[in-house]
Amino acid sequence: MIDLKVLRENPELVRNSQRVRGEDPSIVDQLLVADETRRQAIVDFEALRAEQNILSKSVGSAKGDEKSALLENAKDLAGRVKAADAIRAEAESAAHQFLLKISNLIDSAAPVGGEADFVVLEHVGTPRDFSQSGFEPKDHVELGKILKAIDTERGAKVSGARSYYLTGVGALLEFALVNYAISSATRAGFTPVIPPVLVKPAAMEGTGFLGQAAENVYHLEEDDYYLVGTSEVPLAAYHMDEIVDSLPLRYAGYSSCFRREAGTYGKDTRGIIRVHQFDKVEMFVFCKLEDAAAEHQRLLQWEKDFLNAMEIPYRVIDVASGDLGSSAIRKFDCEAWIPTQGTYREVTSTSNCTEFQSRRLNIRYRDENGTKPVATLNGTLVAIPRMIVAILENHQNADGSVNVPLALRPFLGVDTLVPA
RNA sequence: GGUGGCGUGUCCGAGCGGCCUAAGGAGCACGCCUCGAAAGCGUGUGUGGAAGAAAUUCCACCGUGGGUUCAAAUCCCACCGCCACCGCCA
């Protein structure tokens, strides 16, 4: 959630942020009214409550007639306090509901517009010219079959559309990618974490996934648990309700991720680009607000380092305002070149969420002037299926074998994946 | 799954209807003492919110949520968590 003080002092800033995101700016004004009502209700309640505290004390020491007279008064006052308290609770909850609906204040540097209005920041590497190699590239589904690495048919049989098995070198490729990711993250100072993927509503709500993203979240009705779509959720909630004492805190979480992919019918139905379940190593950082922008650049650099190590051509885009999650003020995506699609596709993504999540999750640190919310940032180090797609398609040979990137070889144990 | 016990401030821990404005201790910070330190002594030490230009004043918070009462850390109910034992499973 955003800072109410900012909203009171500069509502137009917030309205504008809502507008460029394509969200409703009128919530700002509804919240301003609700906030005014809330504060008046608090003043009313507290005045009565203070009166009651004084009166109650005098009852204790009073005797006889005096006492029964006081009691009568106190009884009446108790009723009024209770009523005022109910009004206060109602007003606070109403104002809070509006507050939760407002997305984080967009970074003025982020490009304005919808999904297509991103800005390309840079290209790294050059897409391979397969005509020069003298063969048509196969897509990852075909390569996966030849290598006996990916089995989408049995995935569909057992778990429905958008499911898959990684087998043989496919499974080994996952372990190698994860081990490479975790070891480089550890070297960079991250604490490796294997978090729970089944979380309570507070964690989901706190990270901002029950707003616009709610339709993509699996919910276990019977127990009121959620399956996380990213380990960002349990990593952010790790320090929920805490005052942390050393910043920055950097975690690298490895977990399964679950996504309903609602509203994507017919999109990427072939292969493992868009699936309901996959594993991912996610970087997550808690830092001071003034360090967040620099940290965001560091996260982007670690993502680029990973793609460089995988020897995959990619571009970096600055995602447009209308395409950001509600928690993020700015987002950079790394898009890998996918030869058989002739285009760049998102493989990793990093967001600066400033204080938005930590206000909801109540995560603070202490400085000279008291406690302040921390800033949170997240970034993908590696999302397994898409990285496998990029590696297979970019490093394939005419016979269906695939060259393993140098950096991955020590972790995989072979230089080339050969058809089984 | 059953039974019993317990959840209090940064930590330990007392309190079991009004004097709780939460004892006592530890820790931490500052000061005194000291050549310097330790010990000792003194002072201070939570979070959130409201009003105010500010000093400050007030309100809430004793696992969470309800309830009883003029008044709840304290009594009642539900839930959550921790511990112990029993049962079941590995």
Side-chain angles (χ1 to χ4, degrees), chain A residues 1-9 11 31-100 102 195-196 198-206 210 219-226 233-234 237-247 249 286 288-289 355-376:
Chain A
M1 76 184 107
I2 63 161
D3 187 352
L4 241 183
K5 278 198 206 89
V6 169
L7 183 126
R8 279 187 208 128
E9 284 159 16
L31 175 53
L32 282 172
V33 172
D35 180 49
E36 199 46 57
T37 308
R38 176 187 75 97
R39 283 193 286 171
Q40 188 53 52
I42 289 172
V43 170
D44 292 347
F45 162 73
E46 287 188 352
L48 283 170
R49 184 67 174 162
E51 199 183 325
Q52 185 190 32
N53 283 343
I54 293 164
L55 187 54
S56 277
K57 245 162 224 156
S58 67
V59 170
S61 48
K63 292 272 182 298
D65 284 353
E66 194 193 354
K67 182 160 186 166
S68 38
L70 281 176
L71 267 180
E72 192 137 331
N73 246 330
K75 231 170 216 174
D76 171 60
L77 187 55
R80 284 190 287 146
V81 168
K82 202 168 177 172
D85 192 31
I87 291 169
R88 180 199 56 82
E90 176 56 39
E92 288 196 332
S93 143
H96 194 67
Q97 287 313 308
F98 283 123
L99 187 57
L100 287 180
I102 294 178
L198 202 54
V199 302
K200 300 199 272 188
M204 216 62 191
E205 180 75 57
L210 293 186
H219 180 220
L220 282 76
E221 193 95 23
E222 190 104 352
D223 303 286
D224 200 16
Y225 276 106
Y226 291 91
V233 174
Y238 187 59
H239 289 296
M240 178 161 65
D241 293 323
E242 290 180 23
I243 298 174
V244 297
D245 45 29
S246 71
L247 291 173
L249 291 163
F286 301 88
K288 294 179 184 173
L289 181 62
E355 302 172 331
F356 188 84
Q357 295 177 324
S358 66
R359 281 182 198 283
R360 291 168 165 233
L361 292 165
N362 191 26
I363 305 170
R364 295 161 293 165
Y365 72 99
R366 223 184 286 278
D367 73 358
E368 316 78 60
N369 315 313
T371 62
K372 289 164 81 173
V374 303
T376 63

Subject >> Reading 5' to 3' through nucleotides 57-62 of chain B, protein heavy-atom contacts under 4.0 Å coded B for base, S for sugar-phosphate only, - for none >> reply: -BBS--

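- Taking atom CG of A/D241 as the reference point, atom P of B/rG81 lies 16 Å away to the nearest angstrom.
- In terms of phosphate contacts, A/Q52 brings a side-chain nitrogen or oxygen within less than 4.0 Å of OP1 or OP2 of B/rA71.
- Side-chain nitrogen and oxygen atoms of A/T371 include none within less than 4.0 Å of the OP1 or OP2 phosphate oxygen of B/rU47.
- In terms of the ring pair (Phe, Tyr, Trp, His ring centres under 6.0 Å) criterion, A/Y365 has no residue partners (sequence neighbours excluded).
- In the region residues 80-99 of chain A, proximity to RNA chain B at under 4.0 angstrom, judged on heavy atoms, holds for A/K82.
- Taking atom NZ of A/K5 as the reference point, atom P of B/rG48 lies 10 Å away to the nearest angstrom.
- Screening residues 41-53 of chain A for salt bridge (Lys or Arg N to Asp or Glu O under 4.0 Å), with sequence neighbours left out, gives no hits.
- Residues passing the side-chain contact (heavy atoms from CB on, under 4.5 Å) test with A/A34 are A/A95, A/F98, sequence neighbours excluded.
- Residues forming a salt bridge (charged side-chain N to carboxylate O under 4.0 Å, His left out) with A/D76 (at least two apart in sequence, or on another chain): A/R80.
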**OP:** With pairs defined as Watson-Crick or G-U wobble and both distances under 3.5 angstrom, please note down RNA chain B as a dot-bracket string, | for pairing with another strand.
**Re:** ((((((((.[[[..)..(.....]]]((((((.......))))))((((((....)))))).[[[[[..)....]]]]])))))))....

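- Side-chain contact check for A/R359 versus A/D3: some heavy-atom pair is nearer than 4.5 Å.
- Of the inter-residue distances, the one linking A/Y225 atom OH with A/L220 atom CG reads 10.0 Å to the nearest 0.5 angstrom.
- Residues that satisfy the salt bridge (charged side-chain N to carboxylate O under 4.0 Å, His left out) test with A/R8, not counting sequence neighbours, are A/D35.
- Residues satisfying the ring pair (Phe, Tyr, Trp, His ring centres under 6.0 Å) criterion with A/H219, sequence neighbours excluded, are A/Y226.
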With the criterion being N/O to N/O and under 3.5 Å, what pairs connect the protein with nucleotides 7-12 of chain B, and how long is each?
none

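- Among residues two or more places apart in sequence or in another chain, the side-chain contact (heavy atoms from CB on, under 4.5 Å) test is passed with A/I87 by A/A41.
- Projected onto RNA chain B by closest heavy-atom contact, A/V43 and A/A78 fall at different nucleotides, the more 5' of which corresponds to A/V43.
- Sorted by residue number, the members of residues 31-40 of chain A with any non-hydrogen atom under 4.0 Å from RNA chain B read A/R38, A/R39.
- One distance of note links CG of A/D241 with CZ of A/R364; it measures 8.0 Å at 0.5 Å rounding.
- A 4.5 Å side-chain heavy-atom check between A/F286 and A/V244 finds every atom pair outside the cut-off.
- Proximity of A/L100 to A/E205: side-chain heavy atoms (C-beta onward) are separated by under 4.5 Å at one or more points.
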